[in-house]
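Sequence lines set the chain letters: A, B, ... in the order given, protein chains first and strands last, and positions in each chain run from 1.
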Amino acid sequence: MVPRKSFVSKEREGFFFLSAQDRIGGSRMARYNFRAVEKKWQEIWENEQIFRTSSDFSKPKYYALVEFPYPSGEGLHVGHPRPYTALDVLARKRRMEGFNVLFPMGWDAFGLPTENFAIQTKIHPAVITERNINRFRQQLQSLGFSFDWSREVNTTDPNYFKWTQWIFLKLFEKGLAYKKEMPINWCPRCKIGLANEEVVDGACERCGHEVETRVKNQWMLRITAYAERLINDLEMVDYIERVKVQQRNWIGRSEGAEVLFKIKDTEENLTVFTTRPDTLFGATYMVISPEHPVLQKLRDRITNMPEIEAYQEQARKKSEFERAQLVREKTGVRVEGLSAINPATNAEIPIWASDYVLMTYGTGAIMAVPGHDERDWEFAKKFGLPIVEVVAGGDVEKEAYTDTEKGTMVNSGFLNGLDVPTAKKKITAWLQERGLGVPKVNYKLRDWVFSRQRYWGEPIPLVYCEKCGWVPVPESELPVRLPQVANYEPTDTGESPLAKIRHWVETTCPKCGGYAERETDTMPQWAGSSWYFLRYCDPHNDQELASREALEYWLPVDWYNGGMEHTTLHLLYSRFWHKFLYDLGIVPTPEPYAKRTSHGMILGENNEKMSKSRGNVVNPDEVVEEYGADTLRLYEMFIGDFEKAVPWSTEGVKGCKRFLDRVWKMMDMVIPGAEYRPELEAKVHQTIKKVSQDYENLKFNTAIAALMTLVNEVYRLESINEAEMKTVLLLLNPVAPHITEEIWEKLGFEGMLNEQRWPVWDEAKTVEQTVEIGVQVNGKLRATITVNLDDPQEAAREKALSAEAVKRALDGKTIVKEVYVPGRIYNIVVK
RNA sequence: GCCGGGGUGGCGGAAUGGCAGACGCUACGGACUUAAAAUCCGUUGGGCUUUUGAGCUCGUGAGGGUUCGAGUCCCUCUCCCGGCACCA
């Protein structure tokens with residue numbers, strides 16, 4: 001086997017230092033030396049830039065995307081390669097199918113762990129980041145992924161975050177970024193404000209400390225303005241159902257009406273949001289949130305203000321966690337001196353304040369219909385408030401009747417006798433005519449808290465001027481870089497460490513030239529990842545975030561795979577930014593990702609989540625060292641259902657190594673032949689079909705199983721011809737790219753394997769002519785017979801009836817019916 | 001509570017309504033070896049019978065239904081995983 005000419009020198013240069021044992025043997029018989037083989041091909045791929053994305057925009061394109069990692073100090077763990085290998089398989093297959101493939105990788109490198117490490121060690125976060133990235137890159141490269149490394153992006157690179165800042169300024173310009181005094185989730189340990197999404201069970205997602213409520217002046221992004229489109233446009237994308245469901249859930253659209261209640265003897269109104277306007281006649285009291293502004297506005301009329309203030313204080317002290325976790329014992333206080341008028345009944349009804357009504361949803365006030373809402377019912381029972389039945393069908397003295405399908409309206413004037421949906425329409429129209437209400441859609445989704453009081457993030461590119469207010473830094477001055485500092489500690493007041501760097505903070509107003517101060521908050525980690533897939537399209541552009549031409553060609557991302565944990569955060573945020581950029585005419589598609597799938601976690605061998613503290617972490621470096629990258633890749637794909645969590649198994653890894661060794665040894669079985677042999681033809685076509693389809697459907701485990709079956713068959717035959725061998729190598733190549741290239745070369749096949757075309761199957765040839773089918777008597781299997789597919793039923797029948805076990809089962813019975821499904825089953829029904 | 005997704009051997013997992021358990025792991029037996037490892041070949045869901053050819057029977061969370069035939073479809077229930085959760 002003479003290596004192709006161009007590789008000769010490389011081998012000599014790259015491998016002369018390897019021990020004789022490590023060197024690739026000259027004979028076919030040599031043991032498979034994965035270390036040498038993998039190193040060899042990784043160098044060839046890199047030196048010849050095999051996986052460099054072409055800039056030939058006339059070719060059909062395919063954009064495969066995996067979530068870029070946060071380069072932590074711990075390095076890669078075996079969970080990372082699972083999605084990367086999966087999409088690497090797809091990317092490699094697409095190239096062989098003739099596509100120009102964009103399969104990039106980068107670093108989501110701003111973030112807390114690095115900053116915390118910097119505080120500890122006094123090493124600059126940028127230095128730590130670079131070190132971590134180098135390690136990650138080296139690890140990823142050792143796995144042989146076909147990333148186009150020339151397009152690597154790094155969110156902490158000023159040439160990158162220049163455009164993150166630029167997008168922020170556009171949001172600011174369009175009124176979608178605004179500063180607001182608002183209660184935020186505050187983590188006392190991290191000393192940082194958290195987005196709702198970063199609070200898990202009332203605790204900080206990062207450190208686990210219980211979260212408190214604090215009022216802070218925060219930059220907000222108006223994602224709620226896109227709520228409707230973020231829900232509706234899910235219909236135009238191909239996301240796995242659980243992702244769509246979670247997004248819909250999170251956005252939480254609900255349709256109803258806003259209704260105006262007059263506060264008696266004042267000019268004030270209370271507006272409520274309700275999804276059940278039909279029950280208006282049953283609204284016997286109102287509840288407002290303890291933070292509701294009307295309590296301040298009308299404080300002079302309220303006769304029990306001290307009591308209310310005490311309650312407000314109590315509510316404030318409760319963290320979100322307590323408010324959610326405490327047993328649902330309702331608390332509240334009556335607002336004495338105020339009462340409201342039910343616009344339907346004109347009855348005077350009391351107003352209560354209770355923390356079960358949230359200021360952050362709807363209007364912060366509700367109409368309470370205890371007969372038909374569980375929470376209101378509970379509250380009414382506790383405080384002795386009247387319960388009126390307005391939808392017949394249950395027993396409102398026993399529990400709230402919330403069925404909206406079966407009930408009939410009662411005690412509701414002109415609504416009586418109607419069903420609930422009709423009543424909703426009628427009352428809403430009635431309210432609207434009188435100016436007392438409007439149809440309204442509400443969302444649970446909140447605006448995005450975009451400020452972090454931290455150092456290691458993108459500076460928000462705004463300055464504050466006493467005269468001009470908030471003024472954007474001119475585009476020509478972007479990026480606003482982080483100042484060099486010695487100390488990254490957050491302040492106890494919750495201000496960013498940047499606030500102490502006076503020479504950085506103090507600046508001049510771009511508008512009036514007067515004194516101004518920079519915003520010292522930085523952006524959250526979600527900022528850089530909200531648009532990184534755009535940058536990959538044109539990563540070195542210093543004129544715009546990416547050229548229109550590149551975006552037109554590459555977008556949308558054809559296939560994006562990532563973790564379920566990013567469904568409500570990153571995925572939603574990046575869809576929001578993308579839609580915003582679409583509205584500006586910068587990106588050509590309304591949605592960024594045409595298809596989204598998700599992988600399951602890899603657990604430790606003990607079936608628990610892999611973590612340092614549990615001591616069950618498997619390091620991919622060690623697996624590569626001991627078994628090789630191809631084995632690791634193969635195992636990660638074979639380990640189980642791609643979409644489900646699965647425990648690691650060292651024995652399983654060995655099994656995959658064994659398979660690759662068997663493939664290697666097939667080299668000794670190769671015989672000449674340009675066509676599949678008759679005895680293997682159907683099997684080969686079946687395997688091509690199975691593997692091709694399974695790769696597309698993330699069924700890597702069964703694709704590999706099919707290849708194993710074929711290899712087992714080859715071992716049984718003790719030979720494989722060249723045509724068959726080529727097909728096996730082609731099909732296996734995306735999963736195990738190094739060994740297959742090496743075998744291809746050693747067998748002297750034309751060119752490099754990765755340049756070949758993906759094999760095609762002939763549907764007609766996937767069908768075996770002679771098949772073994774089961775013979776059932778009354779649905780019970782009694783025998784198997786071998787029949788020719790073309791045989792008439794009569795021939796099959798004869799074979800079926802002559803089988804001993806069948807004869808026995810038929811003995812003394814009468815045949816009433818026979819079902820023959822060619823290639824499947826022969827079932828005889830007897831009495 | 002609401003919304004998803006699940007429950008199949010010792011384990012990971014396969015099965016367009018058509019031979020349940022593909023493929024892999026584990027375990028056991030055999031070959032090779034001075035021996036071991038590696039490798040190769042075979043067996044491996046449970047129970048029962050066996051004249052050693054094999055045969056019978058139960059079996060996909062539970063119960064019912066549809067069907068010639070159900071892991072797969074329908075109904076009821078149950079348990080597990082994930083998400084949301086006082087969202088009006």
Side-chain angles (χ1 to χ4, degrees), chain A residues 31 240-250 252-254 256 272-276 279 287 323-326 328-330 354-358 360-369 372-376 378-379 402 442-446 564-565 567-568 600-601 605 607 634-635 638-641 643-656 658-659 661-662 665 690 699 701-712 715-716 771-785 804-805 808 816-830:
Chain A
R31 223 177 109 254
I240 49 173
E241 194 55 25
R242 58 194 167 130
V243 169
K244 286 194 184 184
V245 165
Q246 274 187 36
Q247 291 219 344
R248 284 197 197 103
N249 227 340
W250 187 262
R253 182 182 199 274
S254 59
V272 303
F273 172 71
T274 177
T275 56
R276 295 294 305 276
T279 61
V287 187
R323 267 171 92 151
Q325 284 296 304
L326 276 182
R328 314 237 157 149
E329 186 68 11
K330 296 274 184 293
S354 170
D355 64 6
Y356 86 86
V357 173
L358 310 174
T360 45
Y361 182 78
T363 61
I366 61 156
M367 65 179 213
V369 185
H372 307 285
D373 180 282
E374 278 163 34
R375 296 149 301 177
D376 297 346
E378 211 183 299
F379 192 82
T402 56
N442 253 322
Y443 302 92
K444 281 197 249 180
L445 184 70
R446 313 288 162 82
M564 281 310 286
E565 69 274 21
T567 303
T568 52
M601 241 192 308
E605 291 210 70
N607 230 317
L634 181 71
Y635 178 61
F638 186 64
I639 188 169
D641 183 336
E643 305 202 59
K644 286 203 203 118
V646 65
W648 186 263
S649 154
T650 303
E651 293 307 321
V653 177
K654 288 183 193 164
C656 287
R658 199 140 42 214
F659 172 68
D661 285 335
R662 279 164 70 80
K665 278 183 273 183
K690 177 83 180 148
K699 303 280 183 202
N701 52 339
T702 48
I704 293 162
L707 282 166
M708 288 173 168
T709 307
L710 180 57
V711 168
N712 290 344
Y715 269 69
R716 224 160 280 142
V771 283
E772 201 177 71
I773 65 167
V775 182
Q776 297 180 337
V777 178
N778 283 352
K780 264 187 193 138
L781 185 75
R782 293 296 168 183
T784 55
I785 54 170
E804 277 306 318
R808 234 176 297 133
V816 273
K817 186 172 178 179
E818 288 170 56
V819 181
Y820 177 51
V821 184
R824 296 282 179 203
I825 203 83
Y826 201 108
N827 191 9
I828 302 160
V829 187
V830 296

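Residue A:Arg782 is classed as a sugar-phosphate contact, given heavy-atom separations below 4.0 Å to backbone atoms only. Here A:Ala645 lies in heavy-atom contact (under 4.0 Å) with sugar-phosphate atoms only. Using a 4.0 Å heavy-atom cutoff across all strands shown, A:Lys665 reaches sugar-phosphate atoms only and no base atom. In this structure, A:Asn442 reaches neither bases nor backbone, as no heavy-atom distance under 4.0 Å exists between it and the strands shown. At the heavy-atom level, A:Thr709 lies under 4.0 Å from the strands shown only through sugar-phosphate atoms. No engagement by A:Thr567 is indicated, since no non-hydrogen atom pair under 4.0 Å with the nucleic acid exists. Contact annotation for A:Val819: base contact, defined as any heavy-atom pair under 4.0 Å involving a base atom. Looking at heavy-atom distances under 4.0 Å, A:Val821 makes contact with a base. A:Gly252 comes within 4.0 angstrom of no nucleic acid atom, judged by non-hydrogen atoms across all strands. Using a 4.0 Å heavy-atom distance criterion, A:Ile366 is classed as a base contact. Residue A:Glu772 is in base contact, counting any heavy-atom pair closer than 4.0 Å across all strands shown. Within the nucleic acid shown, A:Arg248 has no heavy atom closer than 4.0 Å to any nucleic acid atom. Looking at heavy-atom distances under 4.0 Å, A:Asp641 makes contact with sugar-phosphate atoms alone, never a base.
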For this session: With salt bridge (Lys or Arg N to Asp or Glu O under 4.0 Å) as the test, would you mind laying out the steps for A:Lys244 and A:Glu241 before giving the verdict?
Result: CA-CA 5 Å; A:Lys244 286 194 184 184; A:Glu241 194 55 25; 5.2 Å; no
Exercise. Between A:Arg782 and A:Val775, does a side-chain contact (heavy atoms from CB on, under 4.5 Å) hold up when you go through it step by step?
Worked result: CA-CA 6 Å; A:Arg782 293 296 168 183; A:Val775 182; 5.5 Å; no
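A distance of about 15 Å separates the P atoms of B:rG71 and B:rU8, rounded to the whole Å. The same atom, C1', is picked in B:rU66 and in B:rG17; the two are 12 Å apart, to the nearest Å. Rounded to the nearest Å, the gap between the P atom of B:rA15 and that of B:rA31 is 38 Å. Taking the P atom of each, B:rA54 and B:rU43 are spaced 12 Å apart, rounded to whole Å. Going from the P atom of B:rA70 to that of B:rG64 covers 14 Å, rounded to whole Å. Separation of the P atoms belonging to B:rG55 and B:rC80 is 42 Å when rounded to the nearest angstrom. For the C1' atom pair drawn from B:rU72 and B:rG7, the interatomic distance equals 14 Å after rounding to whole Å. On the C1' atoms, B:rC86 is 50 Å away from B:rG24, given to the nearest whole Å.
Side-chain proximity of A:Ile825 to the nucleotides B:rG12, B:rC19, B:rG24 is greatest for B:rC19. The side chain of A:Asn249 lies closest to B:rG83, out of B:rG83, B:rC19, B:rC86. Considering only side-chain atoms of A:Gln776, the nucleotide from B:rG4, B:rA20, B:rU26 that sits closest is B:rA20. The side chain of A:Tyr715 lies closest to B:rC41 when the candidates are B:rA88, B:rA14, B:rC41. With B:rG18, B:rG4, B:rA88 as the choices, the nucleotide that has an atom nearest any side-chain atom of A:Arg242 turns out to be B:rG4. Of the candidate nucleotides B:rG83, B:rC56, B:rA88, B:rG83 has the atom nearest to the side chain of A:Gln246. Taking only side-chain atoms of A:Asp355, from C-beta outward, the nucleotide of B:rC86, B:rC19, B:rG24 with the closest atom is B:rC86.
Between the side chain of A:Asn607 and the backbone N or O of A:Pro647, no donor-acceptor pair lies under 3.5 Å. In this structure, the side chain of A:Arg446 engages the main chain of A:Lys444 through a donor-acceptor pair within 3.5 Å. Put simply, the side chain of A:Asp641 gets close to the backbone of A:Glu643: a donor and an acceptor are under 3.5 Å apart. Here the side chain of A:Glu605 pairs a donor or acceptor atom with the backbone of A:Thr650 at under 3.5 angstrom. A:Tyr715 places no side-chain N or O within 3.5 Å of a backbone atom of A:Leu710 that could act as its donor or acceptor partner. A donor-acceptor pair under 3.5 Å is absent between the side-chain atoms of A:Gln246 and the main chain of A:Thr568, judged by distance alone.
Residue A:Thr702 places none of its side-chain N or O atoms closer than 4.0 Å to OP1 or OP2 of B:rC23. Of the side-chain N and O atoms in A:Arg824, none sit less than 4.0 angstrom from OP1 or OP2 of B:rG69. Distances shown here put every side-chain N or O of A:Arg253 at or beyond 4.0 Å from the OP1 or OP2 atom of B:rC84. Side-chain N/O atoms of A:Arg658 include one lying less than 4.0 angstrom from OP1 or OP2 on B:rU26. Under 4.0 angstrom from either OP1 or OP2 of B:rG69 there lies no side-chain N or O belonging to A:Asn778.
To the nearest angstrom, C1' of B:rG13 lies 7 Å from CG of A:Asn701. Remark: C1' of B:rG82 and CD of A:Glu241 are 15 Å apart, rounded to the nearest angstrom. When the C1' atom of B:rA20 is taken as reference, atom NZ of A:Lys780 falls 16 Å away, rounded to whole Å. Spacing between atom NZ of A:Lys699 and atom P of B:rG13 amounts to 12 Å, rounded to whole angstrom units.
A:Arg253 and A:Asn442 share no side-chain donor-acceptor pair at under 3.5 Å. One side chain, A:Glu818 or A:Tyr826, offers a donor N or O that lies under 3.5 Å from an acceptor on the other.
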Exercise. According to the Watson-Crick and G-U wobble definition with distances under 3.5 Å, which dot-bracket string, read 5' to 3', encodes RNA chain B, using [ ] for crossing pairs and | for pairs with another strand?
Worked result: (((((((..(((.....[....))).(((((.......))))).(((((....)))))..(((((..]....))))))))))))....
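Contact of A:Arg662 with B:rU39 (side chain to base): no donor-acceptor pair of N or O atoms is detected under 3.5 Å. The base of B:rC68 is paired with the side chain of A:Asn827 by a donor and an acceptor separated by under 3.5 Å. For A:Lys330 against B:rC86, a side-chain-to-base donor-acceptor contact under 3.5 Å is present.
Remark: A:Lys330 is not positioned above the aromatic ring of A:Phe379, lacking an NZ or CZ atom under 6.0 angstrom from the ring centre and at most 45 degrees off the axis.
Across all their heavy atoms, A:His372 and A:Thr279 have their closest contact at CB-CG2, 4.2 Å.
Nearest-nucleotide positions on RNA chain B for A:Ile639 and A:Ala706 put A:Ile639 closer to the 5' end. Comparing A:Leu781 and A:Cys656 by the nucleotide of RNA chain B that holds the closest heavy atom to each, the one mapping nearer the 5' end is A:Leu781.
In this structure B:rG45 sits in the anti conformation; its chi angle is more than 90° from 0. Annotated as anti: B:rG63, whose O4'-C1'-N torsion sits more than 90° from 0.
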